[in-house]
Amino acid sequence: MESSKVKETYNATEKEVYWQKFWEEANINKFNPSSSKELFTIDTPPPTISGALHLGHIYSYSQAEVIARFRRLAGFNVRYPMGFDNNGLPTERLVEKERNIQGHNMPLADFVKICLEVTDQYKEKYSRLWKSLGLSVDWDLEYSTISSESQKLAQTVFKELFEKRAIYQKEAVALYCHRCRTSVAQAEVEDQERDSVFYDIAFSEENNDNLIIATTRPELLPACVAVFVHPDDQRYTGVVGKTVKTPFGKKISVLADDKVSIEKGTGAVMCCTYGDETDVYWVRQYNLPERIILGKNGKFLEIAELPEISSKSIVEGRKIIVAKLRKLNAITDERPIKHNVGVHERCGTPIELLSTKQWFIKMLDKKEDLLKAGQKIKWHPSFMLKRYEEWVSGLKWDWCISRERFFGVPIPAYTCDSCDHIYLPNENNFPIDPKIQTEVLSCPKCQKGNLIPEKGVLDTWFTSSLTPDINNIFPTNNQLAEKLYPMSLRPQGHDIIRTWAVYSILMGLYRHQEIPWRELMISGHILLRKGEKISKKTGGGQFKPEDVIKNHSADAIRYAMYGASLGRDAFYDEQEVKKGKKLVVKIYNAGKFILSHLTDFSKDNIANQPELETLDRWIIYRSYVVAQKMAKEFEKYEYNKARILFENFFWSDFCDNYLEIVKGRLWNEEKSSEKYQSAQYALYLTYLNILKIISPFMPHITEEMYHAKLLANNRIISQTDSGFFASLEEQTSIHLTAWPIDQQNISLTEEELLGVELMLTTIAEARKYRASQQLAMNVIIPSFTVNGKKKAELLLKPFLADLLFVIKAEKVVF
RNA sequence: GGGUGAUUAGCUCAGUUGGUUAGAGCGUACGGUUCACAUCCGUAAGGUCGCAGGUUCGAGUCCUGCAUCACCCACCA
């Protein structure tokens with residue numbers, strides 16, 4: 001009696017870890033700078049350390065990954081590093097939250113130390129997840145944007161650009177968050193709808209009439225430097241150019257400007273320093289004085305006419321002023337409204353405009369160059385170029401690169417307190433932190449004053465826009481040192497085109513007079529069902545990447561991620577992951593079946609190619625054609641189309657048709673016969689090609705099957721040091737083999753191709769017939785008629801035996 | 001208000017330079033297998049391709065307008 005059959009299955013959870021360890025130990029992804037192959041360099045996005053990784057990361061990082069793997073197989077010397085952007089405000093926020101501390105009320109050195117500690121833990125966590133996904137990154141090329149090398153580079157670039165006069169310092173109005181106590185970039189501001197009150201406030205004219213202005217910010221009244229009306233507004237033509245008094249007695253002039261909207265409020269608006277960007281524009285345009293009433297801590301300064309609000313917060317000050325205005329009967333109307341307020345995305349505090357000294361990089365006079373540079377780069381998908389152009393054309397400000405924060409690259413500058421000379425230290429001393437410089441330096445220019453250290457740090461985009469340079473000067477580049485610029489590919493998300501892509505291109509133009517990369521691969525976002533965006537804030541709900549990998553395997557989730565087109569937002573669909581899981585099982589089982597019929601197949605069989613049956617030649621030919629088509633899609637970054645090509649070929653052509661047909665010969669023909677050996681040859685070659693072409697998507701199961709071998713008891717095992725395919729192909733990993741290119745020109749004549757086609761349609765017809773008659777498979781059809789007479793008979797001749805087997809018919813008549 | 005993308009079967013999506021009866025997976029219905037497949041295979045039902053015009057011998061595909069959704073930007077006194 002036969003022993004009960006133990007079904008064996010592929011234990012993905014276990015084996016994926018096994019192969020990951022193998023790749024690491026065997027240095028499969030190691031970059032070799034002395035290779036003679038053509039270079040393909042990837043400017044991997046260094047993830048910002050600001051919380052846990054989520055499915056969105058898996059989605060976007062999978063995309064560069066599949067390209068890296070394809071390019072390696074296609075014969076390129078791929079340089080695929082990983083970096084970490086572990087400084088700046090988002091990181092500080094994470095550390096402050098996690099450790100329950102505040103950067104601004106503890107010694108700087110302590111805070112930085114804790115930041116490094118925490119970010120190191122996160123680096124570990126991130127790396128582990130990337131490795132568990134099977135990313136083919138060379139981890140020896142890991143960098144961090146806060147490492148002393150990166151800091152040195154950033155400070156050197158700062159000095160370089162300062163000396164080129166591309167960087168300048170200026171007293172300017174910047175977006176400022178009182179809570180975080182720093183200026184912020186435009187990109188860090190988001191809209192939020194808030195309840196507010198629209199007040200009508202009476203200003204008195206010289207003739208004692210009232211001029212009514214409307215505002216939601218009455219607390220800024222002491223900062224009012226002018227009133228504006230529209231030049232075409234009939235109601236106010238008389239007052240333009242005159243002087244009015246605020247309820248608190250300040251005299252200001254009434255000016256006309258077409259930025260005022262006639263319909264809004266009363267049509268008269270006060271200009272305060274600073275309520276919004278229009279105020280900034282007006283102050284500049286009309287050379288108005290500044291009246292600063294808010295301090296950097298978000299509290300009111302001393303105001304002569306309103307001593308009671310000094311040191312009060314904005315909200316408290318507003319209450320006091322509204323009460324006072326009511327007493328003065330200056331409020332003629334008030335109505336509650338909802339309106340959008342710009343708030344800091346990290347803390348929700350409304351952003352104020354504050355005039356401070358900031359450092360800027362000139363961008364506005366580089367607009368034309370930026371636009372030209374954008375056109376030199378190949379954008380994938382191409383429409384993303386428009387977004388870039390839209391943003392660059394609309395730029396209004398130079399790039400503010402200074403931040404009054406703690407954990408970042410210090411701005412390497414000193415200012416003389418006597419002559420205002422700006423002193424930048426020698427770059428041999430970089431990285432330096434001027435703040436912790438103990439000795440007092442005297443000004444080299446005037447010899448009198450002391451040098452006051454700059455307290456700010458650089459915007460983290462300053463360093464991350466230098467990732468092509470960080471890669472270019474990486475210590476182990478050896479003979480490729482400083483020869484990696486420009487890089488081949490920058491993969492990144494569409495949300496940071498206006499920051500990372502734009503700033504990197506700007507740096508490239510300043511430093512190298514060249515674009516930083518030849519191609520840009522822009523990925524979309526992954527969304528949860530109801531259109532909810534997954535971000536570090538929302539987490540990704542119930543779907544934690546670690547869990548999905550554990551429950552479904554890395555190959556499965558990777559496969560799911562490759563279902564969406566590049567650049568498009570996609571929904572996370574667990575069905576897709578399950579589909580991936582099924583494909584893994586199918587590849588495993590097909591391999592098991594094939595190995596069981598190749599026990600007597602050896603190197604000799606490969607060397608002495610038998611006279612191939614037409615059908616066998618067809619399936620081999622198809623595998624090369626599909627490989628070639630997939631390669632074209634990969635080159636266009638259309639990995640999802642490559643996936644579809646594979647699916648159709650593997651599942652339908654190979655498994656459902658070819659394997660089912662060829663079973664007839666495998667079961668019935670003599671092992672020594674040409675017909676049998678032809679089938680073996682085709683199985684070997686085609687399955688190997690299949691493993692190769694799906695390996696960029698599914699690196700684990702393909703490695704598993706490449707190393708699999710059949711045991712005497714008809715079970716298969718797979719180990720690093722053995723394997724049927726591995727020993728015959730003499731490569732230690734499927735990932736070191738070459739993308740299938742037909743060396744022997746296996747082809748089919750037009751007649752033969754027609755024959756295969758006819759055979760497949762005949763099979764389909766026979767199946768239809770069987771289904772309509774509800775015939776079981778063990779019922780033999782005595783005679784099956786094919787339309788087409790002599791021609792059909794001729795075409796089908798080479799396949800007749802195979803055909804009769806698969807449709808279970810005794811004979812075919814024409 | 002400006003920009004970009006999307007709108008195709010119940011769901012998630014493909015549809016290459018305009019060319020016969022618009023495809024896949026999942027789901028549904030029915031049947032067959034269990035000697036690669038805790039399964040797998042087959043067959044079928046299901047779509048006026050967001051709406052309205054236009055170009056053309058011919059439009060899911062090109063043009064115009066509109067609608068809806070998403071993202072980005074501007075406005076937010």
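Note on naming: letters A, B, ... go to the chains in the order of the sequence lines (proteins, then strands), and numbering restarts at 1 for each one.
- Contact annotation for K641(A): backbone-only contact, meaning every heavy-atom pair under 4.0 Å involves sugar-phosphate atoms and none involves a base.
- For D573(A) and C13(B), the CG to P distance is 8 Å, given to the nearest whole Å.
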Check nucleotides 75-77 of chain B for protein N or O atoms closer than 3.5 Å to its own N or O atoms and list the pairs.
| from | atom 1 | to | atom 2 | distance (Å) |
| --- | --- | --- | --- | --- |
| C75(B) | N4 | D191(A) | OD2 | 2.7 |
| C76(B) | O2' | H339(A) | ND1 | 3.4 |
| C76(B) | O2 | N340(A) | O | 2.5 |
| A77(B) | OP2 | T216(A) | OG1 | 3.1 |
| A77(B) | OP2 | H339(A) | ND1 | 3.0 |
| A77(B) | O3' | A214(A) | O | 3.1 |
| A77(B) | O3' | T215(A) | N | 3.1 |
| A77(B) | O3' | T215(A) | OG1 | 2.9 |
| A77(B) | O3' | T216(A) | N | 2.5 |
| A77(B) | O2' | A214(A) | O | 2.5 |
| A77(B) | N6 | S261(A) | N | 3.4 |
| A77(B) | N6 | S261(A) | OG | 3.3 |
| A77(B) | N1 | S261(A) | N | 3.2 |

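- In this structure, R643(A) does not reach the C13(B) phosphate: none of its side-chain N or O atoms is under 4.0 Å from OP1 or OP2.
- Annotated stems with RNA chain B as a participant read B:1-7 with B:67-73, B:10-13 with B:23-26, B:28-32 with B:40-44, B:50-54 with B:62-66, given as range with range, by first number; only runs of 3 or more Watson-Crick or G-U pairs under 3.5 Å qualify.
- Within the 4.0 angstrom heavy-atom criterion, only backbone atoms of the sugar-phosphate kind lie near R568(A); the bases stay farther away.
- The CZ-C1' distance, from R498(A) to C73(B), rounds to 8 Å in whole Å.
- Atom CG in N640(A) sits roughly 13 Å away from atom C1' in U12(B) (whole-Å rounding).
- Residue I522(A) holds its CD1 atom at 4.5 Å from CD of Q492(A), rounded to the nearest 0.5 Å.
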Could you list the donor-acceptor pairs under 3.5 angstrom formed by side chains in residues 262-269 of chain A, with sequence neighbours left out?
| from | atom 1 | to | atom 2 | distance (Å) |
| --- | --- | --- | --- | --- |
| T266(A) | OG1 | I212(A) | O | 2.6 |
| T266(A) | OG1 | A268(A) | N | 3.3 |
| T266(A) | OG1 | A268(A) | O | 3.4 |

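- The base of A36(B) sits with one of its N or O atoms less than 3.5 Å from a complementary donor or acceptor on the side chain of E660(A).
- Here C40(B) presents its P atom at 12 Å from CZ of F650(A), a figure rounded to the nearest Å.
- When every heavy atom of E576(A) is checked against every heavy atom of Y559(A), the shortest pair comes out as O-CD2, 4.1 Å.
- For the segment residues 682-689 of chain A, the set of residues with a heavy atom within less than 4.0 Å of an atom of RNA chain B is empty.
- In this structure, the side chain of D569(A) engages the main chain of H525(A) through a donor-acceptor pair within 3.5 Å.
- Here the CD1 atom belonging to I58(A) is positioned 9.5 Å from the CD1 atom belonging to I526(A), to the nearest 0.5 angstrom.
- The aromatic rings of Y637(A) and H380(A) are tilted relative to each other, their planes meeting at an angle between 30° and 60°.
- Applying the ring-ring contact (aromatic ring centres under 6.0 Å, His included) rule to Y388(A) yields the partners W379(A); only residues at least two apart in sequence or on another chain are considered.
- Counting to the nearest Å, the P atom of A24(B) and the CD atom of E576(A) are 16 Å from each other.
- In this structure, Q628(A) places its CD atom where only 12 or fewer heavy-atom neighbours from other residues, nucleotides or ligands lie under 6.0 Å away.
- In this structure, K581(A) contributes its side chain and N551(A) its backbone to a donor-acceptor pair below 3.5 Å.
- Residue E574(A) contributes atom CD, which lies 16 Å from atom P of C13(B) at whole-angstrom precision.
- Considering F634(A), Y639(A), F650(A), F646(A) as possible partners of F697(A), the one that fulfils the ring-ring contact (aromatic ring centres under 6.0 Å, His included) test is F634(A).
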Quick one: which protein N/O atoms are closer than 3.5 Å to N/O atoms of nucleotides 41-43 of chain B? Pair and distance per line, please.
| from | atom 1 | to | atom 2 | distance (Å) |
| --- | --- | --- | --- | --- |
| C41(B) | OP1 | W651(A) | NE1 | 2.4 |
| C41(B) | OP1 | D656(A) | OD1 | 3.2 |

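- Rounded to whole Å, the distance from OH on Y562(A) to C1' on C13(B) is 18 Å.
- Note that CG of L288(A) is 6.5 Å distant from CG of L255(A), once rounded to the nearest 0.5 Å.
- In this structure, Y639(A) atom OH and C13(B) atom C1' are separated by 13 Å, rounded to whole Å.
- Taking the P atoms as reference points, U43(B) lies 49 Å from G3(B), given to the whole Å.
- Using modelled atom types and a 3.5 Å distance limit, the side chains of E290(A) and Y274(A) yield a donor-acceptor pair.
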